[in-house]
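First the structure, in the form of structure tokens, and then the observations on it.
Values below: all heavy atoms of this structure, side chains included; hydrogens, waters and symmetry mates excluded. Chain letters run A, B, ... following the sequence lines, proteins first, then strands; residues in each count from 1.
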Number of protein chains: 2
Amino acid sequence: MQNQDIEIVVIEDEEDILELLEYHLSKAGYSVTGFLSTEHVERFLEEENPALMVVDRNLPGVEGSEFVAYLRDEGYDIPVIFLTAMDQGKDLEEGFTSGGDDYMTKPFNPKELLLRIDALLRRSGVRKSDRVKYRDMVLDTKQHLLTIEGNPVELTNLEFRLLYTFVKNPHQPLDRDFLRDEVWGDDSASFHDKTINVAMNRLKKKIDPSGEKEYIVPVWGVGYKLV
Amino acid sequence: MQNQDIEIVVIEDEEDILELLEYHLSKAGYSVTGFLSTEHVERFLEEENPALMVVDRNLPGVEGSEFVAYLRDEGYDIPVIFLTAMDQGKDLEEGFTSGGDDYMTKPFNPKELLLRIDALLRRSGVRKSDRVKYRDMVLDTKQHLLTIEGNPVELTNLEFRLLYTFVKNPHQPLDRDFLRDEVWGDDSASFHDKTINVAMNRLKKKIDPSGEKEYIVPVWGVGYKLV
DNA sequence: TAGTTTGTAACCGAATTGTTTCCAAGTTAT
DNA sequence: ATAACTTGGAAACAATTCGGTTACAAACTA
């Protein structure tokens with residue numbers, strides 16, 4: 001799921017609406033943290049670094065827009081979508097000038113909220129567009145990060161490039177010449193036979209220490225293939 | 001006027017609405033270029049590099065959303081606000097999934113459109129706020145001042161620009177080529193290997209003398225990233 | 001000119017990558 | 001079926017690459 005590991009904060013004082021929001025966002029794959037007031041939110045922001053906030057405009061105590069204006073002043077650049085009960089012109093203006101990115105009126109259409117969240121995440125650069133998936137592996141080429149079943153797996157540069165060429169060409173045996181060209185490139189001159197073997201084995205050990213997943217299998221006399 | 005020199009493209013086939021849009025946007029200080037169809041827009045984008053587009057969803061010939069999807073595919077990342085005659089759920093979804101950033105229904109409230117344009121410009125980095133926060137660091141770009149936990153930290157010009165590029169691109173490994181382009185710019189000619197290393201280490205030492213905060217970590221074989 | 005900032009160079013240590021050797025498993029020939 | 005042969009895997013070792021550190025020189029500022 002592409003929304004996995006994206007954290008969203010919701011601030012809403014009406015408990016049933018908060019629950020509804022949490023339900024829809026969770027269902028879309030986001031991890032959601034709800035607050036009934038702005039009280040402990042700043043502390044949370046310092047520690048967690050969530051990707052986006054959905055904020056009710058009318059909160060008890062500190063106004064939603066006031067709070068966001070304060071955060072902006074402090075230097076927080078987190079994307080904010082305001083929710084409000086009515087569509088008053090004054091409200092709208094205050095929402096945007098206080099530093100909000102978008103504005104929706106209640107009762108909100110969940111579908112639209114999700115679309116707007118998605119657009120805002122895209123624009124603010126949270127969505128890492130260049131991800132490649134294979135079975136339970138996710139390669140984030142921008143972040144140089146591999147996760148297996150959601151857990152990060154440490155790979156070296158070479159190993160990452162190697163795995164990437166396999167994920168790009170699944171199910172087909174890649175011979176050693178191809179791998180050498182693709183991964184090692186020009187450094188082809190003077191190249192020991194077993195270099196690729198050793199590199200492959202190190203990679204296989206890292207992505208499948210127990211050897212039970214069988215992501216990559218040798219093809220005798222040819223090379224390797226991603227099953 | 002803060003909107004001076006910001007270029008906005010409007011694509012709208014109904015001439016009177018186009019004029020109305022041009023009027024409101026010009027009054028707000030933007031320089032506006034209107035088109036009655038998508039026809040010559042791409043050529044214009046190639047030459048001018050406007051900051052934002054306002055696009056009617058229902059255009060003769062190529063659909064507005066289709067056109068934007070095409071542009072996105074071509075690699076154009078320009079912010080887009082869609083206008084549509086009716087608020088159909090299908091329309092809305094198509095607007096966002098084709099790569100739009102915001103969506104308004106006609107008849108639109110000019111005030112709201114201006115607010116949304118402003119918010120989107122802010123978010124897409126056209127307007128840069130002069131305070132940026134990351135964890136307990138606050139960078140004041142106006143004053144070239146950094147505070148950590150409220151305490152001022154002395155940075156040189158270079159170090160400040162360096163840290164700023166990291167705060168602008170958090171969580172991403174920034175490779176040395178990128179940093180060189182971004183921070184050092186044209187002086188790329190004759191550039192010692194270790195220059196970036198040394199600069200990075202000087203910066204790291206200043207923002208985290210004890211090395212316990214781990215703001216910036218090296219990514220082996222790639223560069224550095226702000227955690 | 002004095003003082004600060006920034007780039008260069010040399011060196012060190014750690015992480016990564018390549019080489020070698022030996023062994024196991026698959027393939028082929030007898 | 002078994003021996004000879006070929007290829008892949010494992011482990012230890014060596015070489016290389018890369019980042020960190022320091023000292024020093026050049027460039028820049030006040």
Item to complete: Would you tell me if any nitrogen or oxygen in the side chain of A:T156 comes within less than 4.0 Å of OP1 or OP2 on C:dA15?
Response: no
Worksheet item: Per the side-chain contact (heavy atoms from CB on, under 4.5 Å) rule, which among A:L36, A:D56, A:V32 passes with A:L18?
Response: A:L36
Practice prompt. With sequence neighbours excluded, tell me which residues meet ring-ring contact (aromatic ring centres under 6.0 Å, His included) with A:F44.
Written response: A:F35
Worksheet item: Hey, can you pull the residues of residues 193-211 of chain A with a non-hydrogen atom under 4.0 angstrom from DNA chain D?
Response: A:K194, A:N197, A:V198, A:N201, A:K204, A:K205
Practice prompt. Pull out every residue in residues 157-177 of chain A that has a heavy atom closer than 4.0 Å to any atom of DNA chain D, ordered by number, or say none.
Written response: A:R176
Worksheet item: Partners of A:H144 by ring-ring contact (aromatic ring centres under 6.0 Å, His included), sequence neighbours excluded?
Response: A:F160
Response to the item:
Angle separating the five-pair end axes of the helix from C:dT1-D:dA30 to C:dT30-D:dA1, nearest 10°, is 40°
Discussion item. With a strict under 4.0 Å distance from non-hydrogen atoms of chain B, what nucleotide opens and what nucleotide closes the contacted stretch of DNA chain D, reading 5' to 3'?
Written reply: D:dT17 to D:dT22
Worksheet item: When you check the gap from the basic side-chain N to the acidic O, do A:R123 and B:D77 get nearer than 4.0 Å?
Response: yes
Worksheet item: Does A:E212 have any side chain to side chain contact (heavy atoms under 4.5 Å, CB included) partners at least two apart in sequence or in another chain, and if so, which?
Response: A:D208, A:S210
Worksheet item: If we ignore angles and hydrogens, is there a donor and acceptor under 3.5 Å between the side chains of A:Y215 and A:D136?
Response: yes
Worksheet item: OP1, OP2 of C:dT17 versus side-chain N and O of A:W184: anything below 4.0 Å?
Response: no
Discussion item. If the threshold is 4.0 Å, N to carboxylate O, is there a salt bridge linking A:E46 and B:R135?
Written reply: no
Pair up each side-chain donor or acceptor in residues 149-156 of chain A with any protein partner under 3.5 Å, not counting sequence neighbours, and list the distances.
from	atom 1	to	atom 2	distance (Å)
A:E149	OE2	A:K213	NZ	2.8
A:T156	OG1	A:E159	N	3.3
A:T156	OG1	A:E159	OE1	3.2

Show the atom names and distances, to 0.1 Å, of all donor-acceptor pairs under 3.5 Å that link a side chain in residues 194-204 of chain B to residues at least two apart or in another chain.
from	atom 1	to	atom 2	distance (Å)
B:T195	OG1	B:H192	O	3.0
B:N197	OD1	B:R176	NE	3.3
B:N197	OD1	B:R176	NH2	2.9
B:N201	ND2	B:N197	O	3.0

Discussion item. Salt bridge or not between B:D140 and B:K128? Use side-chain N to carboxylate O under 4.0 Å.
Written reply: no
Practice prompt. Mind checking side-chain hydrogen bond (donor to acceptor under 3.5 Å, both in side chains) for B:R127 and listing every partner two or more places apart, or none if nothing turns up?
Written response: B:N3, B:Y30, B:D118
Worksheet item: Considering residues at least two apart in sequence or located in another chain, which fulfil the side-chain hydrogen bond (donor to acceptor under 3.5 Å, both in side chains) criterion with B:E42?
Response: B:Y70
Worksheet item: Among all residues two or more places apart in sequence or in another chain, which pass the side-chain hydrogen bond (donor to acceptor under 3.5 Å, both in side chains) test with B:R161?
Response: none
